[in-house]
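One is the number of the first residue; the rest follow in order along the sequence. Each ligand, and each atom within it, is numbered from 1 in the order the structure gives.
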Amino acid sequence: MTDIADRDGDDESFQSFQLDQRILQSLTDLGYETPTPIQRLTIPLLLEGRDLIGQAQTGTGKTAAFALPLLNQVDIEHAAPQVLVLAPTRELALQVCEAMKGYGKHLKKLKILPVYGGQGMTTQLSALHRGVHVVVGTPGRLLDHLDRGTLKSDAIKALVLDEADEMLRMGFIEEVEKIMENLPPVRQTALFSATMPPRIAQIAKRFLKKPAEVRT
Ligand code: AMP
């Protein structure tokens with residue numbers, strides 16, 4: 001495990017990352033000038049294809065830290081789910097989804113779908129059927145779609161667990177594990193958690209490959 005501590009005083013710009021120009025353009029539109037510490041550390045590692053454990057709170061810019069490098073890897077011409085983000089609540093799923101839409105707004109034809117319990121199945125089914133590249137959702141509903149075969153997992157190349165400790169606290173961890181067991185084995189995984197309870201550490205050990213560890 002590589003342990004990478006935060007480096008202060010490093011005023012790298014987003015331009016120094018190997019990100020698609022269209023993604024960099026959206027950051028300019030949003031007024032993002034400098035990467036936050038978690039972004040500075042995480043973006044190059046995820047662009048390299050590394051698995052990652054990020055210990056970071058909300059408000060540190062962790063959404064862009066995983067969203068930018070993973071959007072960068074999406075093949076827009078292939079309308080199949082390629083990136084899957086698991087979030088503990090519908091609110092967080094929607095928030096991550098909106099943020100990712102903002103970062104990907106210049107990637108024409110990019111489709112990002114939020115999927116959560118309590119929302120009608122019909123809307124989700126027709127959107128999945130039309131084709132999406134990124135799915136952001138809560139574990140129960142995502143597992144449901146995977147079980148029904150309405151969410152095809154064969155093209156998934158990256159999985160993000162956002163607020164893993166919250167998913168544990170809310171009782172979703174078994175669903176998270178079932179999802180991980182059912183995804184293609186060759187994939188990149190990024191696990192974000194503000195705290196690292198034993199159960200989360202155990203999941204990281206079981207499913208992540210030589211993860212880099214990033215703390216801010
Ligand atoms: P997050 O921790 O991902 O929820 O992000 C917290 C807030 O910071 C959000 O409103 C983001 O839009 C904003 N943000 C994230 N990264 C940057 C950045 N590099 N520069 C300015 N604002 C940012």
So that I can tick it off, tell me whether [Y] and [X] are bridged by a salt bridge, with the cut-off set at under 4.0 angstrom between side-chain N and carboxylate O.
| X | Y | answer |
| --- | --- | --- |
| Asp165 | Arg169 | no |
| Asp154 | Lys152 | no |
| Lys178 | Glu181 | no |

List ligand 1 atoms under 4.0 Å from [X], heavy atoms only on the residue side.
| X | answer |
| --- | --- |
| Thr63 | 1 (P), 3 (O), 4 (O) |
| Thr34 | 18 (C), 19 (N), 20 (N) |
| Phe14 | 19 (N) |
| Gly61 | 1 (P), 2 (O), 3 (O), 5 (O), 15 (C) |

Considering only the protein, which heavy-atom contact is closest to atom 11 (C) of ligand 1, and what is its distance?
Tyr32 OH, 3.1 Å
For atom 16 (N) of ligand 1, grab the closest protein heavy atom and report residue, atom and distance to one decimal in Å.
Gln39 NE2, 2.8 Å
Considering all protein heavy atoms, does one lie under 4.0 Å from atom 8 (O) of ligand 1?
no
If you scan the protein for heavy atoms around atom 21 (C) of ligand 1, do you find one that is closer than 4.0 Å?
yes
Arg141 side chain vs Thr138 backbone, donor-acceptor pair below 3.5 Å:
no
Given Ile156, which of Val186, Leu84, Val135 fulfils the side-chain contact (heavy atoms from CB on, under 4.5 Å) condition?
Leu84
Checking side-chain contact (heavy atoms from CB on, under 4.5 Å) against Glu175, which of Asp144, Leu143, Leu86 comes through?
Leu143
Taking atom 6 (C) of ligand 1 as the point of reference, which of Gly31, Ala56, Gly59, Ser13 owns the nearest heavy atom?
Gly59
Does ligand 1 have any atom that is closer than 4.0 Å to a heavy atom of Ile38?
no
Atom of Ala127, atom of Leu113 and distance for their closest heavy-atom approach:
CB-CD1, 3.5 Å
